[in-house]
Amino acid sequence: MALLFERHPHPSPRPASEREAVLANPGFGLHYTDHMAVATWTGADGWIDSGLVPYGPFQLDPATAVLHYAQEVFEGLKAYRWDDGSVRLFRPEKNAERLQRSARRLALPELAVEDFLASVEALVAADQEWVPAGGESSLYIRPFLFASEAFLGVRPSQRVTYCCIASPAGSYFPGGVKPVSIWVSQDYSRAAPGGTGAAKCGGNYAASLLPQSEASAHGCDQVLFADAQELRYVEELGGMNVYLVKDGQLHTPTLTGSILEGVTRDSVLALAADMGLEPVERRIEVAELLDGVADGSIDEVFACGTAAAITPIGVLKTPDRTVELAGADQLRFTTELRQRLLDIQYGRAEDTHGWTRRVV
Ligand SMILES: *Cc1c(COP(=O)(O)O)cnc(C)c1O
C-alpha cells in the first residue's frame with residue numbers, strides 16, 4: 001500500500017523575514033526548511049508511521065546501529081524554480097531507483113519509487129516558499145535511510161528510519177564558472193571491486209575525506225580516484241563523475257561496479273548525443289588522461305553531479321607532474337553542455353527528454 005505523507009504543520013515556522021534573509025544568501029547545506037518527511041521500517045511490520053512533520057532533531061540511543069556500523073544510504077536531488085513561478089524536479093525517479101539499489105547493497109529495506117516521490121513532493125509542496133529564485137539557485141533535497149535499531153550485534157538492522165530534508169542552495173559558482181584543480185590520488189582509492197562504490201552510502205564519503213585533505217594540502221580543489229586494483233584506470237571524483245572531450249567525442253569511464261552511476265552522468269551522455277558529440281563509455285587510463293592533456297590531444301576535461309551540474313577541470317596534479325588544459329577551446333563543449341543541462345532544469349529550453357516533473 002502506498003505511504004501517505006500527511007502534513008503535520010510546524011507550529012512555529014520560520015518567519016517570512018528570516019526565510020527571505022536566508023534565501024538572499026543561502027550558501028550550501030547551512031539552512032533547512034520547516035518540515036521533513038519521515039517513515040519507519042521494522043522487520044515485523046514493514047513501512048509504517050510515514051508523515052510530513054516539523055523539521056527537528058532525532059533522539060538516538062547510543063547503541064543505534066548506524067553510529068557503529070554505518071548502515072546508511074542517501075540521495076541528492078534538486079527542486080528548481082522556473083520563471084513562471086512553478087517548481088520542478090529533475091528525473092527524481094532516477095534517484096528513487098538508485099536509493100533502492102544503494103539500499104539493497106547495504107542490506108537496508110527498499111522504499112517504493114512512488115513512496116520516495118510522494119515524500120519528496122509532499123516536502124517541496126509544503127515548503128515551496130523555500131525554493132529560491134534566480135541565478136543557479138535551487139532547493140537541495142536530501143533523502144536518506146539509516147539503521148535506527150539500538151543493537152550492537154552485527155546483522156541488518158530490524159528498524160530503519162527514512163527521512164527527507166531540504167536545504168536552499170545558492171549558485172555553486174557565484175562568481176561565474178571557474179575551472180577547478182584536481183589531485184590525482186596515488187595512495188588511496190575510493191571503492192574496490194565488490195565493495196560499495198556503486199552505492200551512495202555515507203561510508204564512501206568518510207573514506208574520501210582524508211584523500212580530500214591531501215588534495216587540499218597540495219593546493220587542489222578535488223581528488224580524482226583511480227581503480228583500487230591497479231590504480232591505473234580513471235574512476236571518478238569523491239562525488240562527481242568525470243569526462244574528457246577529444247576528436248569530437250565525449251569519453252567517460254564505463255560503469256565497472258565501483259563507480260557511482262550519476263543521474264547527471266546519464267543526462268550529459270544524452271545531451272552530448274543531441275549536440276553531435278559522440279558519447280563513448282570505456283576504460284580510460286590515468287596515464288592517457290595526463291599525457292593527452294599535456295600534449296593537447298585532449299581538448300576538455302570536466303566533472304558532473306547534481307550539486308554543481310558541470311564543473312570544468314583546468315589542472316591535474318600528481319606528486320611529480322602537473323598538466324594544464326591550455327587550449328583556447330578548453331571550455332567549448334563543457335560550456336555548451338552545462339548550458340543545455342541548466343536550460344532544461346530551469347525551463348529555459350524545451351524538455352525534449354521528458355526529464356522534468358512539476359510539483360507546484
Ligand atoms: C552522488 C554522486 C555522484 C553524482 O551523481 P548525480 O546523480 O549526478 O548527482 C557521483 N559520484 C559519487 C561518488 C556520488 O556520490
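For ligands, and for the atoms within them, numbers begin at 1 and follow the listed sequence. In this text, all values refer to a predicted model and were calculated from it rather than measured experimentally. These numbers come from the heavy atoms of this one structure, side chains and all, not from hydrogens, waters or symmetry mates.
For Phe144 and Tyr162, the ring centers sit 6.0 Å or farther from each other. The aromatic ring centroids of Phe333 and Tyr243 lie 6.0 Å or more from each other. Taking the ring centroids of Tyr205 and Phe74, they lie under the 6.0 Å cut-off.
Listed by first then second residue, pairs satisfying salt bridge (Lys or Arg N to Asp or Glu O under 4.0 Å) with a partner in residues 351-360 read Glu121-Arg357, not counting sequence neighbours.
Not counting sequence neighbours, the partners of Ala228 by the side-chain contact (heavy atoms from CB on, under 4.5 Å) test are Ser189, Ala192, Pro193. With sequence neighbours excluded, the residues that form a ring pair (Phe, Tyr, Trp, His ring centres under 6.0 Å) with Tyr346 are Tyr80.
For ligand 1, the protein residues placed under 4.0 Å by at least one non-hydrogen atom are Arg98, Arg190, Lys200, Tyr205, Glu236, Gly238, Gly239, Met240, Asn241, Leu260, Gly262, Val263, Thr264, Gly305, Thr306.
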